[in-house]
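Note that these values count all heavy atoms, side chains included, but never hydrogens, waters or copies made by symmetry. Everything numeric here is computed off the predicted structure, so don't read it as measured data. Numbering of ligands and ligand atoms starts at 1, following listing order.
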Amino acid sequence: MKKISRGDCERLDDRDPLAGIRERYYLPEEVIYLDGNSLGPVPKTVPGRVASMIEKEWGENLIKGWLADGWMDKPLTLGDRLARLIGAGSGEVVVVDTTSINLFKMLAAALRLRPERKVILSNRENFPTDLYMVQGIVNWLGQGHQLRLVDEDKVVSALDGDVAVLMLTQTNFKTGRVFDMAKITKAAHEVGALTIWDLAHSAGAFPVELNAAAADFAVGCSYKYLNAGPGGPAFLFVAKRHQNSAEQPLTGWLGHDDPFAFDNEYRPADGIRRQICSSPGVIGLVAFEAALDVIDEVDMTQIRIKSNILCDIFIDLVQTECHEFGFRLVTPREAGVVEPLLRGSQVSLVHEHGYAIVQALIRRGVIGDFRDPDIMRFGFAPLYLRHVDIYDAVIHLRAVMECREWDDPAFQERASVT
Ligand SMILES: *Cc1c(COP(=O)(O)O)cnc(C)c1O
């Protein structure tokens, strides 16, 4: 294999149609940030927009802001903007609550639509909060529902007439492997099951095609590849055909058909609005809005193409520069540009000293993260990473290994957030 040089990466940066977008984010000079899959960086317009919302809208307009500044409708207006990125239609997405809470709502709604069935099917490799939310709802319902967990390559064969809901995270958070959403949704529908897709590591990372796949429900978060800030508001999707039959249990006043009638009887609003429970957290929504302004300027296909190049360069360079250090690639080598996609926008390497190696890299300013038991995870967000960043990161990785920098007592103790 011909070795990739730093010059090759510089030339790719010169020709990169997304190169100018990097300027739009705060990124510390000395940092190579490969953890945007956990928490995206701050778009430069966010502090000003949030300050202006507080000073001008809240400060001067006070309660009039709910209408005058569009606060009340932001969950819907932002949902419509987000729809483009995930292949949904207008009126199918709303920005509310958190991913876990939205999962609870979608699970409850989907189970209500399949009352005679008792199985929720998912895969063992799914993100724990998703599985915990199922366990919570099963216990709380007390109707003999059961979580059926299988290995990810057995999902389709585990579908049968008992399955009410198939709940999957499209992109595996540890390995970056992507499920074929269209094929699996079709298989679920063939046995009469509904699907809930978690897009946490998909939204903003590559083009998602919910309606092309005939997906039923979806959830996702805004603080990873969408850069809306820590704990930023999450989103949910309900396909048009289910909207007036999907009943979620958090029947707060803002999902009411006429909240300001202050009626004592709950009557769900039509459409996606019944998925809202409470007054929206406007400060978080404004930050998300500013973050979307940047993403709205770019074409998701360009993001996908660049993401594949960044990941491929990293994989090739680890092979050529670090082959003697025993890293094992657990991310699919094949990626895909159009559906079906096989890999997200991250690369994961397994190494027995993975935790300490990640800490040593962080000390050098190369920020990735670690997932139990031995996975080093590197996210490649095309909006702000340069090709040379990938080259430099691998050279740092080689130095950490050559000089055994990971073998430092300070790196042996696990922190509470990894
Ligand atoms: C990050 C992530 C979440 C986050 O859930 P919160 O409720 O926002 O804390 C949920 N599911 C998956 C698959 C994730 O990757």
Would you call the rings of [X] and [Y] parallel, tilted or perpendicular, taking 30° and 60° as the class edges?
X: Phe314; Y: Phe380; value: tilted
X: His242; Y: Phe217; value: parallel
X: Phe260; Y: Phe262; value: perpendicular

key: Distance, nearest 0.5 Å, that separates CD of Glu152 from OG of Ser122   =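 Answer for the CD-OG pair, Glu152 versus Ser122, is 10.5 Å.
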Please produce the table of protein N or O atoms sitting under 3.5 Å from N or O atoms belonging to ligand 1, one pair a line, distance to 0.1 Å.
unit_1	atom_1	unit_2	atom_2	d
ligand 1	7 (O)	Ser100	N	3.0
ligand 1	7 (O)	Ser100	OG	2.6
ligand 1	8 (O)	Tyr223	OH	2.8
ligand 1	11 (N)	Asp130	OD1	3.0
ligand 1	11 (N)	Asp198	OD2	2.9
ligand 1	15 (O)	His201	NE2	3.1
ligand 1	15 (O)	Lys224	NZ	2.6

query = Are Met376 and Phe327 side-chain neighbours, meaning at least one heavy-atom pair lies under 4.5 Å?
reply =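 Result yes, sub-4.5 Å side-chain heavy-atom pair found.
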query = Given Asp257, which of Arg274, Arg267, Arg273 fulfils the side chain to side chain donor-acceptor pair (under 3.5 Å) condition?
reply =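 Of Arg274, Arg267, Arg273, side chain to side chain donor-acceptor pair (under 3.5 Å) with Asp257 is met by Arg267 alone.
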